[in-house]
Asks: 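The structure under discussion is supplied below as structure tokens; questions concerning it will follow.
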Amino acid sequence: MSDSPKPVNFIRQIIDDDIKAGRHQAIVTRFPPEPNGYLHIGHCKAIWLNFGIKDDYGGRCTLRFDDTNPLRESQKYASRIEEDIRWLGYEWSSLAHASDYFDQFYEYAVHLIKNALAYVDSQSGDEIRRQRGTLTEPGMNSPYRDRGIEENLSLFQAMRDGEFEDGEHVLRAKIDMQASNINLRDPVLYRIRHHAHQRTGDKWCIYPMYDFAHGQGDAIEGVTHSLCTLEFEDHRALYDWLIEHLPVPSTPRQIEFSRLNLNYTVMSKRLLTQLVDLGHVAGWDDPRMPTISGLRRRGYTPESLRNFIASVGITRKPNVIEMGLLEKCIRDDLDPKAPRVMAVLRPLKVVIENYPESETELIEVPSHPQRPEIGCRQLTFSREIFIERSDYEDDPPKGYFRLAPGREVRLRHAYVIRCKEVVRDARGEPVEIRCDYDPETAGGQTPDGRKVKGIIHWVSASHAVNAEVRLYDRLFSVADPLGARKHDYLDALNPDSLQCLKDCKLEMGLGQADPQTRYQFERVGYFFQDSASRQDALVFNRIVSLRDTWTRKSQYSSN
RNA sequence: UGGGGUGUAGCCAAGCGGUCUAAGGCACCGGAUUCUGAUUCCGGCAUUCGGAGGUUCGAAUCCUCCCACCCCAGCCA
């Protein structure tokens, strides 16, 4: 799956060099999520990288669930992850689980013990932590560090056989408690957990740690390039140590890259879980969430997400990408293919006084201004229509060329109308505009050559289809929600991130709207039907607004 | 103050000692076209590469020192 020119980045350069040097027959990568949550757009980067390399180099990429901690994982998450990857347009060469290798991992552990490279530590977690030292002080050896091989072997066997409670013992690698890299200070390899595993059931009561599973899983699968994010940098020494001291079938290489950060949102699984649990969003697939399922429900396309990642690139530099780039990517993807349609979100009634009461006319118009092959649709014009509330101003600011008292505006694909009179409610708010239309101005014509700059969208009042429209905005109102006060990131939540508009007026054709189609509501934005939308109760989500230089400019001058 | 990293425009990012008075994208600012204030188009936007020294005929690219920021002390991944 490639979207355009082959990407260039430092990882692909390494791979190119490896191929040139004849180091590998085939390039093998893997995408290794833990099935304990939903995938988010940050994962897209890893997916795009790993699967993209597979596709471009004719290699393999396995989807491997790193399911080494039965306490927090479930099959439900695994299924959603598979669904999301497929939706993004990728297919794994094979599906695997770290748990598939539990027997092998156990053998590897025994191998280390037999070579005096691992020992069973019988201290408590607290004791082990205390002895680990600190960032600046070295650690101390455990009193159990020099247990004999036979004793270690039988203790480890007993751990496996369930003879101990959780936490009574752990298996540790015997490396160097003085190491400046804390990961090398006799890291824990196995811990006891009397907890059923979603795949292996009660077979095991000891489970390998990430460090003891990841590299070995890579080696078993023949992974050549094990790509992960920067926070595992310090683990590489341990990764390499294990590969070196174990009889593994291949020697994978770990390469780290920086993770994706987006402004105006949060990306950590922990925080996203909290937003869901606290009810700040409607679920993992709430269209405001940066999860794949949220973006999908919002209406983002797989192409736009892939293009987004491609344009961001892969480096080792910590980064924060602007939300605007993501928005630009979905607009670029949708602009050439989204059928245009007219929809009035905040209706204001307009009565065209000189248009006959009983008359209506059908206007056939193209569904795309630049691409006739997308087809045509029919609009109905009549005496009473709705226009957007914001397309009328009592006292228009400089440069406003929509409707105002005495002014003319063109109704898109229809006639020019002139505002004659405004009917107001008790509070003085306009509730109805009385206009005249110029019958000579059909089809974009102005026979007398007069310029009518403003063009607004409209919908025939009696032919409109009602719908609920949900307008989404950024989840947080500050660019960096975790910036100043890490504890109160919830205070930075944008109170207006969701606006539900009921009784919006859509052009009649939308009564048969295709649920798979992303539409452009002209002059407003791109919209996609929500998963809860039904033919008799339409719900549209705003994917993204159109670029809008007018409101920006007018806000400027009014400030 | 231990170790590992990273620093090129507001945000990304090419660049790998000479073709760099530094690609490209986003954002921004013009201007043209337009029945979407959209799209498209055209133009502008770093004499400078975290800083200071040094090596070299020549440095963003090599060396030294300094500064800033990120990650690491789970029986999480």
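Order of the sequence lines sets the chain letters (A, B, ...), proteins ahead of strands, with each chain counted from 1.
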Asks: Could you tell me the separation between the CZ atom of A:Arg340 and the P atom of B:U34, rounded to a whole number of Å?
Replies: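 From A:Arg340 CZ to B:U34 P: 18 Å.
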Asks: Take the protein atom CZ of A:Arg410 and the nucleotide atom P of B:G37, then report the distance between them rounded to whole Å.
Replies: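 About 13 Å, once rounded to whole Å.
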Asks: Mind checking if A:Gly443 touches a base, just sugar-phosphate, or nothing, with heavy atoms under 4.0 Å?
Replies: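 A:Gly443: base contact, heavy atoms under 4.0 Å.
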Asks: What is the distance, to the nearest angstrom, from the NZ atom on A:Lys451 to the C1' atom on B:U34?
Replies: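 Spelled out: NZ on A:Lys451 to C1' on B:U34 is 12 Å.
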Asks: Who is the Watson-Crick or G-U wobble partner of B:C16, with both distances under 3.5 Å?
Replies: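 Across any shown strand, B:C16 pairs with none.
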Asks: Between B:G4 and B:C20, how far apart are the C1' atoms? Round to whole Å, please.
Replies: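 Each nucleotide's C1' atom is 32 Å from the other's.
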Asks: So, OP1 or OP2 of B:G15: does either fall under 4.0 Å of a side-chain N or O from A:Gln13?
Replies: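 The answer is yes; a side-chain N or O of A:Gln13 sits under 4.0 Å from OP1 or OP2.
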Asks: Can you pull the salt bridge (charged side-chain N to carboxylate O under 4.0 Å, His left out) pairs that have at least one residue in residues 135-144 of chain A, sequence neighbours excluded?
Replies: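 Salt bridge (charged side-chain N to carboxylate O under 4.0 Å, His left out) check on residues 135-144 of chain A returns no pairs.
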Asks: Could you tell me the Watson-Crick or G-U partner of B:U6, where both distances fall under 3.5 Å? Say none if there is no partner.
Replies: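 B:U6 is paired, partner B:A68.
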Asks: Could you give the distance separating B:U6 and B:C29 at their C1' atoms, to the nearest angstrom?
Replies: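 Looking at atom C1' only, B:C29 and B:U6 are 32 Å apart.
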Asks: Is it true that A:Arg185 and A:Asp176 make a salt bridge, defined as a side-chain N closer than 4.0 Å to a carboxylate O?
Replies: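 Salt bridge flag = no for A:Asp176 with A:Arg185.
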Asks: Among A:Phe232, A:Tyr190, A:Phe105, A:Tyr239, find the one that has a ring pair (Phe, Tyr, Trp, His ring centres under 6.0 Å) with A:Tyr210.
Replies: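 Of the listed options, the one satisfying the test is A:Phe232.
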Asks: What integer number of Å spans the P atoms of B:A60 and B:A73?
Replies: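 Approximately 39 Å lies between the P atom of B:A60 and that of B:A73.
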Asks: Sticking with atom C1', work out how far B:A46 lies from B:C41, rounded to a whole angstrom.
Replies: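 Comparing C1' positions in B:A46 and B:C41 gives a spacing of 26 Å.
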Asks: Using both distances under 3.5 Å as the test, list the Watson-Crick or G-U wobble partner of B:C41, or none.
Replies: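 Its partner is B:G31.
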Asks: Between B:A27 and B:C63, how far apart are the C1' atoms? Round to whole Å, please.
Replies: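 One C1' to the other, the span is 38 Å.
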Asks: Can you list everything that forms a side-chain contact (heavy atoms from CB on, under 4.5 Å) with A:Thr301? Sequence neighbours excluded, please.
Replies: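 Only A:Glu303, A:Ser304, A:Ile330, A:Asp333, A:Leu334, A:Arg518 meet the side-chain contact (heavy atoms from CB on, under 4.5 Å) criterion with A:Thr301.
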Asks: Who pairs with A:Tyr392 by ring-ring contact (aromatic ring centres under 6.0 Å, His included), at least two apart in sequence or on another chain?
Replies: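 Expected list: none.
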Asks: When the distance from CE of A:Met323 to P of B:G25 is rounded to whole Å, what number comes out?
Replies: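 Interatomic distance, CE of A:Met323 to P of B:G25: 23 Å.
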Asks: Between A:Cys435 and A:Ile417, what is the shortest heavy-atom contact and its length?
Replies: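 Minimum heavy-atom separation between A:Cys435 and A:Ile417: SG-CD1, 4.0 Å.
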Asks: Each nucleotide N or O in nucleotides 8-13 of chain B that has a protein N or O under 3.5 Å away: list the pair and distance.
Replies:
residue	atom	partner	partner atom	Å
B:G10	N2	A:Glu322	OE1	3.3
B:C11	O4'	A:Glu322	OE2	2.9
B:C11	O3'	A:Val320	O	3.1
B:C11	O2'	A:Val320	O	2.9
B:C12	OP1	A:Val320	N	2.9
B:C12	O2'	A:Val312	O	3.0
B:A13	OP1	A:Thr315	OG1	2.6
B:A13	OP2	A:Lys317	NZ	3.1

Asks: Run the side chain to side chain donor-acceptor pair (under 3.5 Å) test against A:Glu231 and tell me which residues pass, sequence neighbours left out.
Replies: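 Here the qualifying residues are A:Thr229, A:Arg259.
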Asks: Is the base of B:G4 touched by the side chain of A:Arg236 through a donor-acceptor pair closer than 3.5 angstrom?
Replies: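 There is none.
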Asks: Could you write nucleotides 72-77 of chain B as a row of B, S and -, 5' to 3', where a protein heavy atom under 4.0 Å of any base atom gives B, of only sugar-phosphate atoms gives S, and otherwise -?
Replies: BBSBBB
Asks: For A:Glu256, report the nucleic acid contact type (base, sugar-phosphate, nothing); a contact means any heavy atom under 4.0 Å.
Replies: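 Result for A:Glu256 = nothing.
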Asks: Categorize A:Tyr400 for me: base, sugar-phosphate, or nothing, with a 4.0 angstrom heavy-atom threshold over every strand shown.
Replies: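 Here A:Tyr400 touches the bases of the nucleic acid.
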Asks: State whether the number of non-hydrogen atoms from other residues, nucleotides or ligands found under 6.0 Å of A:Glu165 atom CD is greater than 12.
Replies: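 Result for CD/A:Glu165: open.
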Asks: In whole angstrom, what separates A:Arg547's CZ from B:G37's C1'?
Replies: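 One finds 10 Å between C1' of B:G37 and CZ of A:Arg547, rounded.
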Asks: Could you work out, with side-chain contact (heavy atoms from CB on, under 4.5 Å) as the rule, every residue matching A:Glu322, not counting sequence neighbours?
Replies: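 For A:Glu322 the side-chain contact (heavy atoms from CB on, under 4.5 Å) partners, ignoring immediate neighbours, are A:Asn263.
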Asks: Remember a base hit wins even if backbone is also touched, and classify A:Gln520 as base, sugar-phosphate or nothing at under 4.0 Å, heavy atoms.
Replies: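 Base, at least one base atom sits under 4.0 Å.
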Asks: Listing time: all N or O pairs from protein to nucleotides 41-44 of chain B that are below 3.5 Å?
Replies:
none

Asks: For A:Asp548 and B:U39, what is the distance between atoms CG and P respectively, to the nearest whole Å?
Replies: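 For the pair A:Asp548 CG and B:U39 P, the rounded distance is 10 Å.
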Asks: Atom CG of A:Leu184 to atom C1' of B:G2: distance rounded to whole Å?
Replies: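 It is 14 Å, rounded to the nearest whole Å.
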Asks: Could you list the residues that satisfy side chain to side chain donor-acceptor pair (under 3.5 Å) with A:Trp284, not counting sequence neighbours?
Replies: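 Applying side chain to side chain donor-acceptor pair (under 3.5 Å) to A:Trp284 gives none.
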Asks: Among A:Ile47, A:Asp67, A:Leu63, A:Asp84, which residue satisfies the side-chain contact (heavy atoms from CB on, under 4.5 Å) criterion with A:Pro33?
Replies: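 One option only clears the test, and that one is A:Leu63.
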Asks: State which residues pass ring-ring contact (aromatic ring centres under 6.0 Å, His included) with A:Phe65; sequence neighbours excluded, sorted by chain then number.
Replies: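 Only A:His97 meet the ring-ring contact (aromatic ring centres under 6.0 Å, His included) criterion with A:Phe65.
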Asks: For A:Arg389, check side chain to side chain donor-acceptor pair (under 3.5 Å) against everything at least two apart and list the hits.
Replies: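 If we apply the side chain to side chain donor-acceptor pair (under 3.5 Å) test to A:Arg389, skipping adjacent residues, there are no hits.
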Asks: For B:G17, does the O4'-C1'-N9-C4 (purine) or O4'-C1'-N1-C2 (pyrimidine) torsion place it in syn, i.e. within 90° of 0, or in anti?
Replies: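 Anti conformation here, the glycosidic angle of B:G17 being more than 90° from 0.
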Asks: Given the P atoms of B:G24 and B:C42, what is the spacing between them in whole Å?
Replies: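 My reading of the P atoms in B:G24 and B:C42 gives 13 Å.
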Asks: Give one of base, sugar-phosphate or nothing for A:Gly454, where a contact means two heavy atoms less than 4.0 Å apart.
Replies: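 Counting heavy atoms under 4.0 Å across all strands, no contact is made by A:Gly454.
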Asks: What is the separation between atom CZ on A:Arg259 and atom C1' on B:C69, rounded to the nearest whole Å?
Replies: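 Nearest whole value for this atom pair: 17 Å.
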Asks: Give none if B:C49 has no partner; otherwise give the nucleotide forming a Watson-Crick or G-U wobble pair with it, both distances under 3.5 Å.
Replies: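 Check on B:C49: unpaired, no WC or wobble geometry under 3.5 Å.
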Asks: Using atom P of each nucleotide, how far apart are B:A14 and B:C76 to the nearest Å?
Replies: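 Straight-line distance between the two P atoms is 37 Å.
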Asks: In whole angstrom, give me the gap between the P atoms of B:U61 and B:G43.
Replies: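 The answer is 32 Å between these two P atoms.
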Asks: Sort out the partner of B:C75 for me: Watson-Crick or G-U wobble, both distances under 3.5 Å, none otherwise.
Replies: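 None - no nucleotide pairs with B:C75, as no candidate has both distances under 3.5 Å.
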Asks: Tell me every residue that passes side chain to side chain donor-acceptor pair (under 3.5 Å) with A:Asp548, counting only those two or more places apart in sequence or in another chain.
Replies: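 With sequence neighbours excluded, A:Asp548 shows a side chain to side chain donor-acceptor pair (under 3.5 Å) to A:Thr551, given in chain and number order.
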